[in-house]
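Before any comments, here is the structure.
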Number of protein chains: 2
Amino acid sequence: MSDKSLILIADDEEDVRELVGMNLRRAGYDTVEAADGLQTLAQVRRRKPDAIVLDVMMPGRDGFGVCQELREDENTRHIPVIMLTAKGQTQDRIAGLERGADDYLSKPFSPKELVLRVQALLRRAATVVSGSELKEGPFEFDLSGVKLNLGGQPMDLTLLEFKLLHLLASRKGEVVERDFILREVWGYTEQVRTRTLDTHVKRLREKLGEHAEWLQTSRGFGYIFKEPSPVAVAV
Amino acid sequence: MSDKSLILIADDEEDVRELVGMNLRRAGYDTVEAADGLQTLAQVRRRKPDAIVLDVMMPGRDGFGVCQELREDENTRHIPVIMLTAKGQTQDRIAGLERGADDYLSKPFSPKELVLRVQALLRRAATVVSGSELKEGPFEFDLSGVKLNLGGQPMDLTLLEFKLLHLLASRKGEVVERDFILREVWGYTEQVRTRTLDTHVKRLREKLGEHAEWLQTSRGFGYIFKEPSPVAVAV
DNA sequence: GTCGGGGGTGACGATCTTGTCACACTCGGA
DNA sequence: TCCGAGTGTGACAAGATCGTCACCCCCGAC
């Protein structure tokens, strides 16, 4: 296995593939090519490229579909994608970014800029904390974006709520004492008697809706984040 | 090297060391012991334990000092520490947590609880994103706590400010386009013309003070986070 | 140097966030 | 069953946060 980064070039136009490929190889990368959506997906699985240059317009499955599919697979989710869009097609760029592209470049583009973008993307991918997420049941914490997805739906939490819930979730199954929570989230250095925590737990529970059951009270100690025990169903 | 977790037991009382050690070994851990602060530090460096049970009261260097020293060293910073404090000494617990202990346990304690806490701590350490931080120059982003340290001083940023700065910092050296920022931080899906971004950049710069130079304008495109070029000094 | 457009700045009001309180409720021990 | 401590809840007000605007300044093209 080479130690060079491998870039997959997915475009139905051979000219484009050659131009891009030549420049990337000159910049020190290995390249693979694909001419349509299905080939792209197949190559991704076979070669596991470090980044993908993906044309929007492709026969069969277009770039949007490919990108979306890549993002839905745990194994390919992390691969950075640069999407090539038609000139000035703002719609395309937006759609691309929404499907999970990491960058876009409008055709026609200068090969030099493409190389720069690929380099930037790889650098970023190397820096990015690979696991800046925490998943527990329907909860998905995005630490980098300070966002929470609950059952696939983005939740609108305040900073305090996010910190509180994340603290509890990161200690799933443990009783977290009130004092400790107040220290970690509020920064209180002394033991205080306050209803602030209760109030915020209540607000959190309201927002969490049906999933509020994950946030349980440990009377006399604190709170605990754990999978709700299944309810016995009467027959 | 064994695949068991190695626990360092630091206590000047031999009885305690034996009791704790026996229970931990029974729970499937390997153990090492240390009887004072200096031995503790030496053992940490030699054996690189996965967790430390650390008594507050120790001759020479006490638990607080040891803990603080561990936290200041890049190589030992991540090792979870459970501090053993005298009964009801709230002061000790607070001091311990402030020096960076991850948990505390009051003497006398039940061996069973200690084992449970060690297990919890190891589980947590395994889960915790090892690199949930981003450091660039004087900037230290704590993604888990959604906090920023600037030159060692904690900065009080709002959620928006944190997201904005972190986005730029995570793309250090790259021009990040206005549209992109608005998408990532504000979630705008369409191109809008707004001065919102400018205003927030201004607020950020105010808070960053002398370090505001890292946040540079790329006229016509967006903003860029990069090390300020050294100022030529007249002679 | 002039001009035009993009960016910086200060101010303002709408809204959100958050700590506190009073009161209701619940759990668990006596 | 009764009681008390601990917790849930709704309301409120202070303060923080945020988007917008008007105005000014500066950069860069010509």
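Naming: A, B, ... by sequence-line order, numbering from 1 per chain. In this text the structure is predicted, and so the values were computed from the model without any measurement.
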Residues that A:Glu227 engages under salt bridge (Lys or Arg N to Asp or Glu O under 4.0 Å), provided they are two or more places apart:
none
Could you run through nucleotides 23-30 of chain D and give me one letter per nucleotide, 5' to 3': B if any protein heavy atom sits under 4.0 Å from the base, S if only the sugar-phosphate is that close, - if neither?
B--BB---
State, yes or no, whether a side-chain contact exists between B:Ile9 and B:Leu24 at a heavy-atom distance under 4.5 Å.
yes
Within the distance-only criterion (no hydrogens, no angle test), does the side chain of A:Asp62 pair as donor or acceptor with the backbone N or O of A:Gly65 below 3.5 angstrom?
yes
Side chain to side chain donor-acceptor pair (under 3.5 Å) with B:Thr199: which residues, sequence neighbours excluded?
none
Nearest nucleotide by nearest heavy atom, which residue falls closer to the 5' end of DNA chain D, A:Arg178 or B:Thr158?
A:Arg178
The residue, A:Thr194 or A:Asp156, whose nearest nucleotide of DNA chain C is more 5′ is A:Asp156
Let me confirm one number: the CG-CZ distance from B:Leu148 to B:Phe139, rounded to the nearest 0.5 Å.
7.0 Å
Please identify each residue that fulfils salt bridge (Lys or Arg N to Asp or Glu O under 4.0 Å) with A:Glu113, with sequence neighbours left out.
A:Arg117
From CG of B:Leu197 over to C1' of D:dC21, roughly how many Å is that when rounded to an integer?
16 Å
Would you call A:Glu74 and A:Arg77 a salt bridge, taking side-chain N to carboxylate O under 4.0 Å as the test?
yes
In chain order, what residues pass the side chain to side chain contact (heavy atoms under 4.5 Å, CB included) check against A:Leu116, with sequence neighbours excluded?
A:Gln119
Which is true for A:Thr196 with a 4.0 Å heavy-atom rule: it touches a base, it touches only sugar-phosphate, or it touches nothing?
base
Here the distance between atom P of D:dG8 and atom NE2 of A:His200, to the nearest Å, is 14 Å
Please identify each residue that fulfils side chain to side chain donor-acceptor pair (under 3.5 Å) with B:Arg205, with sequence neighbours left out.
B:Thr217
Using a 4.0 Å heavy-atom cut-off, does A:Thr199 contact any base of the nucleic acid, only the sugar-phosphate backbone, or nothing at all?
base
If you take any heavy atom closer than 4.0 Å to DNA chain D, which residues from residues 201-211 of chain B end up in contact?
B:Arg203
Quick one: A:Phe221 CZ to D:dG6 C1', roughly how many Å, whole number?
12 Å
Which residue pairs pass the ring-ring contact (aromatic ring centres under 6.0 Å, His included) test when at least one of the two sits in residues 144-173 of chain B, sequence neighbours left out?
B:Phe141-B:Phe162, B:Phe141-B:His166
If I take atom CE in residue B:Met155 and atom C1' in nucleotide D:dA16, what distance separates them, rounded to the nearest angstrom?
16 Å
Going by the rule side chain to side chain contact (heavy atoms under 4.5 Å, CB included), which residues pair with A:Glu140 if we only count those two or more places apart in sequence or in a different chain?
A:Lys135, A:Asn149
OP1 or OP2 of D:dC18 sitting under 4.0 Å from any side-chain N/O of B:Trp186?
no
Out of curiosity, B:Leu204 CG to B:Trp214 CH2, how far, rounded to the nearest 0.5 Å?
14.5 Å
Which residue lies toward the 5' end of DNA chain C, A:Leu157 or B:Arg193, if each is placed at its nearest nucleotide?
B:Arg193
Show every salt bridge (Lys or Arg N to Asp or Glu O under 4.0 Å) that has at least one partner inside residues 155-166 of chain A, sequence neighbours left out.
A:Glu161-A:Lys207
So, is A:Tyr223 near the phosphate of D:dG6, with a side-chain N or O under 4.0 Å from OP1 or OP2?
no
Taking atom OG of B:Ser218 and atom CZ of B:Arg178, what is their separation to the nearest 0.5 Å?
11.0 Å
Earliest and latest nucleotide of DNA chain C, 5' to 3', sitting under 4.0 Å from a non-hydrogen atom of chain A?
C:dT17 to C:dC27
Bend across the helix from C:dG1-D:dC30 to C:dA30-D:dT1, to 10°, with axes taken over 5 pairs at each end?
40°
